[in-house]
Each structure stands twice: as C-alpha cells, then as structure tokens.
Amino acid sequence: MRPASLNPLFAPVTTLPGIGERIGRLVERLAGGRVIDLLWHLPYGLIDRRATPTIAAAPVGQVATIAVQVGEHLQPRTQRQPWRVRVHDATGEMTLVFFSARGDYLRKLLPEGEERVVSGRVDLHLGVLQMVHPDYVVSPAQREELARVEPVYGLTAGLSPKLLLKAIEAAVERAPQLAEWHDAALMRRESWPAWKPGLLAAHNPGSEADLSPLTPSRARLAYDELLAKQLALLLVRRQRRAARGRPIEGNGKLRAKVRAALPWTLTASQQQATAEIERDMASEQRMVRLLQGDVGSGKTVVALLAMLIAVEAGTQAALMAPTEILARQHYATMAPLAEAAGVSLVLLTGRDRARQRAETLAGLADGRIQLAVGTHALVQEDVEFQDLGLAVVDEQHRFGVHQRLGLASKGRIADMLVMTATPIPRTLMLAVYGDMDSSRLTEKPAGRQPIDTRTIPLERMEDVLAGISRQIDQGARIYWVCPLVEESEVVDLAAAEDRFEHLARLFPGKVGLVHGKLKAAERDRAMADFSEGRTALLVATTVIEVGVDVPEATVMVIEHAERFGLAQLHQLRGRVGRGDAKSTCLLLYAQPLSQNARARLAVLRESEDGFLIAEEDLRLRGAGEMLGTRQSGLPQMRLANLAHHSDLLQVARDDARLVIESDPDLSTPRGAALRVLLYLFEQDATVPTIRSG
Ligand code: ADP
Ligand code: MG
C-alpha cells in the first residue's frame with residue numbers, strides 16, 4: 001500500500017484552495033487531475049518583478065513593479081476603445097490600459113485618489129508611458145510579496161496564470177519531507193538538494209540558468225524519475241524470471257510445411273529471430289521478447305512460425321493487432337499458410353456476427369481452433385482459450401499496458417512476443433523497456449529495390465499531378481497521404497476530402513478515400529478496391545500508416561510532409577517498395593521550411609534504414625518530445641528528458657542494478673526510501689513483488 005504520507009499528493013487538484021470543479025477540469029487537461037501532477041508541472045520561464053523603480057525611471061519594454069497614486073478614470077466612448085486610468089508618482093505620469101473590462105470593477109480595483117502597487121510590462125505608446133492590463137494591482141502593504149521572481153508555467157485556454165501559480169504553490173507546500181532514497185556519495189558529487197527543497201527550487205527559479213534541465217534541482221528530480229523507472233523495470237524482470245514458465249517445444253513439422261509453402265526463403269535476420277524465439281519458448285522461463293523490424297521487414301511470418309511452435313507443442317496461439325484493417329490483413333496472409341500446415345485459424349474482431357462469434361469462442365475454449373488473429377476483441381472477458389501457449393501483440397505501442405498484458409493473461413503461463421514496426425533507438429530502449437530481450441530484423445527481404453525519395457515544394461503541384469497522370473496511365477497504384485493534425489480533425493478531414501474531390505475530378509472513377517471517420521465497412525471497401533486494383537489512387541489520412549500491405553503500390557505522395565515526424569514519414573514511405581517494382585516517394589512541402597523540417601526531409605531522402613532514422617529522429621526532436629508525443633505511444637516521462645539526461649539514465653541503470661543485487665527486497669533504510677520513490681512515480685504494481693522485511 002502507498003505510504004500515507006504520499007496520499008495528499010494523489011488527491012484530486014480540487015482539494016487545493018481556489019480550485020473548484022470548473023478550474024479543476026482545466027488543470028486536469030493541462031497537467032493532470034491530481035496534486036502530484038502539478039508538482040511535475042515545472043515552469044518554463046520566469047518574470048522578474050523585483051525592479052521597483054519610479055515612473056520616470058521605469059525601463060520601457062520590461063516588467064516593473066511600481067507604487068502609484070490613482071488619478072482619473074477615462075471611460076471609453078466606443079466599445080472598441082480601452083478603459084484608461086491615469087496614475088502618477090512624484091516623478092511622472094503613466095496610463096493603465098484595459099480592453100473590454102467592466103468599469104465598475106475597475107473603479108473598485110483602482111479607486112481614484114488612493115495608493116496602489118501595479119506590476120506589469122511598461123510600454124511607450126505615442127510618447128505616453130503605459131501599462132496594458134497590469135498583471136497585478138495590489139495595496140501598498142502587499143508590495144513586498146509581489147516584488148519577487150515569479151515562475152511562468154505552461155497554460156491552457158481559460159486558465160489564468162495567477163490561479164495556476166497559486167495552485168502549484170499550494171501543491172508544492174503540501175509535499176512532505178521524504179527520507180533520502182539516493183546514494184549519499186552521488187548526492188554530494190552532483191550537489192543535489194534533498195527532494196522537497198529540490199522541488200521548491202525547481203518551482204522557484206531565481207534566474208534563467210535555474211530553468212536549465214541540468215540545474216541541480218531539476219537534474220535531481222529527473223534522476224528520481226529515471227531511477228524509479230529503472231528500478232521498477234528490474235523488479236518486474238526479476239519477478240518474471242522467478243515465475244516459472246513452461247517449456248514449449250515443437251517437432252518442427254508444421255513449420256516445415258509452412259516454409260515449403262512460402263514462395264521465398266527467410267532472410268538471415270528472420271532466421272535468427274525465429275531461432276531466438278524458439279530458444280526462449282523452449283526454456284523454463286517465461287518468454288517476453290520484443291521483435292523489432294522496420295516496415296516490410298517481414299515480421300508476420302516470424303510471428304506465424306512462433307505461433308506454430310505453440311501449436312506443435314499442443315497449445316494455442318493468438319495474435320492481437322491494433323486495428324481491424326491490420327487484423328484482417330494478418331489473417332489474409334496467414335490463412336493460406338495455416339491451411340498448408342493443416343492448422344485451424346480464426347479471425348476475431350468486434351464486428352463478428354453473434355452466431356459466428358459464439359462458434360469461434362466455443363472453438364477457442366475447447367481447443368478445436370489452434371490459432372486466432374484479432375483486434376482487442378481477443379481480450380474481452382468472454383474469450384477463453386483451452387490452453388494459450390503464445391500471445392503475440394503487434395504494433396504494441398498502440399495498446400495500453402492493460403490490453404497488452406491482457407492477452408497473455410488469457411493463458412496459464414503464456415509466452416509473449418511483442419512486435420513493433422517503430423525501431424526504438426538504443427537509448428530509449430533502455431529507458432522504456434530496461435533490458436528486455438529483443439530481436440531485430442535489420443535487413444529487407446531480397447529483391448526489394450531502393451525507394452526513390454524526392455522532396456518537392458507544393459508550388460509544383462501541377463508537375464506532380466502530370467507525373468501522377470502518367471503513372472496512372474501505366475497502371476501504377478498510388479497512395480496520397482494528407483496530414484491529420486490532432487488539434488482539428490474536422491478541418492483536416494475537410495482538407496483530405498477536398499483533395500479527394502480534386503483528384504477524383506482529374507481521374508474519374510480511379511480515386512478512393514480512406515480516413516478514420518469512415519465506417520469500418522466503408523473503409524474496408526475502399527482498401528479492398530485499392531488493393532484489388534479497382535481504384536488506382538488512394539487518398540488517405542494517416543490511417544494507412546499502420547502496416548497496410550499492397551505490394552503493387554509503387555508511388556507514395558505525402559502532402560505537407562514538413563508537418564510529420566521523421567519516424568512517421570518513414571512508416572508511411574514503407575507502404576511502397578514492398579514488391580519487386582521500382583518505387584517512388586514524393587514529399588511535398590510548404591515553404592518556407594524550418595531548419596529542423598529541412599533536416600528531417602534530408603535524412604529521409606538519404607536513408608531507408610529505420611534504425612538509423614529512429615536515432616536521427618531522437619536527435620532532431622529530443623527524446624522528451626519523442627516520449628511526450630502521443631504518436632510515439634511510448635510511456636511518458638514527466639521530469640526526465642533524454643535529450644538532456646541520457647547520462648543520468650546510464651547512472652540510474654547501474655544504480656538500480658546495484659540496489660537489486662545488494663538489497664533485492666528493499667529492506668535496508670535506503671530500500672525503504674526507495675519504496676516510497678516507487679510509489680511516488682506510480683510503480684505501485686512493482687512494489688508488492690518485494691517480500692517485506
Ligand atoms: P512487416 O509486418 O514487418 O511490415 P510483413 O510481414 O508484412 O512485414 O512482410 C512484408 C512483405 O514481405 C509481405 O508481403 C511478405 O510476404 C514479404 N516477405 C516477408 N519475408 C520475406 C522474405 N524473406 N523474402 C521475400 N518476401 C518476404
Ligand atoms: Mg506487419
């Protein structure tokens with residue numbers, strides 16, 4: 001159980017003064033709904049209100065805190081004019097300016113003839129000193145507390161900076177003093193403050209330098225997070241190791257049949273991955289292995305061979321894909337091979353009819369059906385296996401941890417294979433998965449030709465369309481991807497629909513459209529039309545990113561390529577170049593390109609190596625962003641940013657190892673403090689695995 005001292009931090013933000021339901025929802029959208037989420041919401045800037053000059057000495061263009069005498073209120077004559085209030089001190093005059101403010105409110109805030117202290121940016125407008133919407137207007141008694149350095153936090157629409165500042169101050173105040181969990185020598189070497197003082201310092205920067213991720217207070221907090229994650233990973237791994245699996249060994253007969261039915265031979269890395277999986281499955285320990293392979297590297301067949309090991313051993317296997325399209329595609333690929341091996345295979349999705357679904361469930365429960373491919377429908381409660389030996393999860397980062405583990409938990413002690421088409425840079429691999437076993441498919445199947453990648457400004461659309469027209473005449477199959485920016489799906493969808501109409505007019509009867517808002521049946525129909533050649537050009541939003549396989553497609557056009565991340569562009573491009581014909585990728589971009597976008601497009605033009613591209617992506621975006629973007633789907637880090645803290649990650653890993661070796665049950669005083677750390681970073685599930693005392 002979480003130590004009671006931490007409970008106030010996990011209470012809802014509405015338990016903080018000044019935060020009601022409405023503001024609470026805004027805070028939740030911004031940082032999270034609990035007090036601790038505000039602790040982790042660190043300032044990105046600061047405002048220095050310490051300067052308290054006279055009006056005459058006030059520096060133009062800078063923030064100042066000035067004691068003034070309130071003069072006349074100048075009421076606006078039209079709605080668009082601002083309300084003005086004259087103020088002065090012994091040295092000069094200034095005007096306070098308020099747009100669309102209520103007069104009665106302002107008269108109360110700034111009563112004529114009284115003293116007030118105002119703080120805000122001083123400007124010069126038509127020769128007159130003014131302060132537009134002062135940040136603060138307080139009585140002279142409050143001058144001292146106002147004249148300080150104020151942290152500046154990221155905001156969300158509707159949330160006032162003052163309110164947020166107050167809430168965060170209250171949150172930090174609520175943080176308890178906690179016993180130190182870090183090694184004393186490390187603390188000395190790095191000059192780190194203790195946890196609570198560190199938290200206070202991180203939220204109260206005195207200068208720009210204090211905002212650096214490497215400043216001691218921030219580095220300490222980042223290290224807290226890194227150590228908690230590394231420790232949790234090692235604890236889970238240790239537990240998994242300790243839990244006995246069961247050896248799953250096959251006689252190779254089914255696999256031999258499938259290999260004989262394949263029109264090609266396995267690549268060397270497919271063979272190696274298959275051997276690694278075979279070895280893991282045969283061992284006493286439970287397998288949890290990551291299969292990383294670029295788009296088109298041929299993960300599906302590796303998965304099928306692994307699944308057949310399970311069947312040879314007399315158990316069942318299931319593969320879960322993140323989307324309906326993908327599940328159907330895996331099914332389509334595997335069905336003829338399963339048939340060749342004489343193994344029964346079913347597809348299970350959320351769209352099955354009741355009768356068929358009941359039949360499938362019965363077959364899985366009594367073992368007549370040996371292999372299942374499906375969507376998250378596979379992890380629904382009523383799905384039971386007679387004996388699930390292997391759970392394969394495809395494109396796992398799209399699933400939540402619950403769903404991922406959910407499939408494996410359908411088996412007594414099922415082995416688990418996790419496939420991802422997003423090559424994960426080594427640094428991230430460590431941060432996210434610890435030292436989870438992984439197999440990498442590093443080569444493309446033989447016979448593939450390099451993809452000719454070109455970057456073209458959008459102004460040259462006419463040329464592009466002329467080229468597309470020629471391609472269509474020659475019978476090519478073409479993808480046309482329109483960007484979807486999450487902020488405004490409606491607008492983006494409109495852009496894709498416009499493009500579709502435009503192209504459909506140019507190439508009547510030959511253009512299809514898929515996007516995420518289509519009904520599943522319509523989407524499937526559009527995909528099928530394209531893959532079977534009834535349409536030649538498929539306009540798509542990024543829904544096609546995930547593993548769609550149409551080997552005949554040879555042209556990929558990406559509109560506004562500058563808006564996509566590097567990894568995503570690489571994924572999209574991987575939709576072509578899957579057959580033996582020569583393929584082209586056109587990256588259309590809007591000018592002017594930012595330096596970073598230019599670099600991204602250049603990397604793509606020059607390389608097709610997914611592992612290299614992933615490293616470059618990390619470098620160009622910074623790991624914080626890579627981890628933070630929802631697209632990457634990788635677990636988010638709140639305080640650590642691998643672009644800055646990768647050295648600390650290494651230290652954390654060694655540190656965690658030492659702890660596990662010397663104090664595996666976390667029973668020493670430091671161990672007890674480390675337990676608190678694990679709770680602080682919500683690794684609760686890993687803590688009960690420790691025998692107490
Ligand atoms: P991934 O899932 O890794 O993106 P797939 O498993 O869908 O890749 O395979 C991509 C394509 O390559 C498929 O059409 C598959 O049949 C083919 N393929 C897989 N392995 C080989 C191989 N060793 N030689 C030739 N083609 C292969
Ligand atoms: Mg795939």
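FYI, the numbering just counts along the sequence from 1. Every number for a ligand or one of its atoms is a count from 1 in the order of the listing.
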- Is any NZ, NE, NH1 or NH2 atom of the basic residue among Lys517 and Glu497 found under 4.0 Å from an Asp or Glu carboxylate oxygen of the other? no

- Item | ligand 1 contact on Gln270 by region, counting heavy-atom pairs under 4.0 Å | side chain

- Item | Donor on one side chain, acceptor on other, Gln292 and Thr420, under 3.5 Å | no

- For ligand 1, the portion of Thr267 having any non-hydrogen atom under 4.0 Å away: both

- For ligand 1, which atoms, with element, lie under 4.0 Å from some heavy atom of Leu266? 23 (N)

- Applying a 4.0 Å heavy-atom criterion (strictly less than), which segment of Asp294 is in contact with ligand 1: side chain, backbone, both, or neither? backbone

- Item | Proximity winner for atom 8 (O) of ligand 1, if only heavy atoms of Ala303, Gly293, Ala268, Gly298 are counted | Gly298

- Message: Any carboxylate oxygen within less than 4.0 angstrom of a Lys/Arg side-chain nitrogen, looking at Arg279 and Asp437?
- Response: no

- Message: Exactly one of Arg573, His570, Lys444 should register a side-chain hydrogen bond (donor to acceptor under 3.5 Å, both in side chains) with Glu608. Which one does?
- Response: Lys444

- Answer yes or no: does atom CD of Gln449 have more than 12 heavy-atom neighbours from other residues, nucleotides or ligands under 6.0 Å? yes

- Query: Any side-chain donor paired with an acceptor under 3.5 Å for Thr455 and Arg605?
  - Reply: yes

- Note on the structure: In this structure, NE2 of His330 is separated from CE of Met320 (nearest 0.5 Å) by 11.5 Å

- Message: I need the atoms of ligand 1 closer than 4.0 Å to a non-hydrogen atom of Thr265, numbered in the order shown.
- Response: 22 (C), 23 (N), 24 (N)

- Which ligand 1 atoms are under 4.0 Å away from a heavy-atom of Thr300? 2 (O), 5 (P), 6 (O), 7 (O)

- Below 4.0 angstrom from a heavy atom of Ser297, which ligand 1 atoms are there? Numbered from 1 as shown, please. 3 (O), 8 (O)

- Item | Which segment of Thr333 sits under 4.0 Å of ligand 1 when only heavy atoms are counted | neither

- Query: Does ligand 1 have an atom that lies less than 4.0 angstrom from a heavy atom of Asp394?
  - Reply: no

